[in-house]
Amino acid sequence: MHIHKFERFWIKLSFVVIAFFIATVVYGFVVMDLKVIGASETLDPQNLGGTPFDNPGVREVTKNGVTEYEVYVQTIQFAFIPGTSEPITVPANAKVTFYITSPDVLHGFEVAGTNLNTMTIPGQVARFTTIFPEPASYGIVCNEYCGPAHHVMEGKINVVPQSEFDENYLVQ
Ligand code: CUA
């Protein structure tokens, strides 16, 4: 079968483009170490009583002899609890795992200036683990439209030196 040289050219080009798209995905996951945020746990969004989200905030935990931190956050119309009326304070250079859920509608939880970004879905727990290398302050924004005051839904994360955290912020 004869294929015209221009047609042959475009067929080849389409394969190159497909290979390029696949390569960008592989590059993202392998080289840039991007992760899909886990949302394996589910709960009843109408009834957070008896779950850690009932008393949201930062907890210190010890896993295999290593101290790390868990942060439970509720996203509501139109605030992060904690995060909005009081900042989320965590120590620098420590492993921090966020657990975030929403009792009302879909929200977003994006830590501005980082690659930390998740949807928060009623009934599901978004979870990611990170280390903030140095003391700094980060804004949190809701990037999913969630109602008339969506645009003012924001919060703050304060990353402080471990010693300062131990002195002032450690809660049980
Ligand atoms: Cu919450 Cu937009």
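For ligands, and for the atoms within them, numbers begin at 1 and follow the listed sequence.
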Check your understanding: For Y72, which residues count as a ring-ring contact (aromatic ring centres under 6.0 Å, His included) partner, sequence neighbours excluded?
Key -> F53, Y99

Point to revise | F132 vs N93 side-chain heavy atoms within contact, under 4.5 Å | key: no

Exercise for review: Would you mind reporting whether I140 and I88 have side-chain heavy atoms less than 4.5 Å apart?
Suggested key: yes

**Study point:** Of the protein N/O/S atoms, how many lie under 2.8 Å from atom 1 (Cu) of ligand 1
**Key:** 4

Practice item. Report yes or no: do S137 and N158 form a side-chain donor-acceptor pair below 3.5 Å? Key: yes

**Study point:** CD-CZ distance between E68 and R59, expressed to the nearest 0.5 angstrom
**Key:** 14.0 Å

Exercise for review: Measure the acute angle between the ring planes of F80 and F109, then classify it against the limits of 30° and 60° as parallel, tilted or perpendicular.
Suggested key: perpendicular

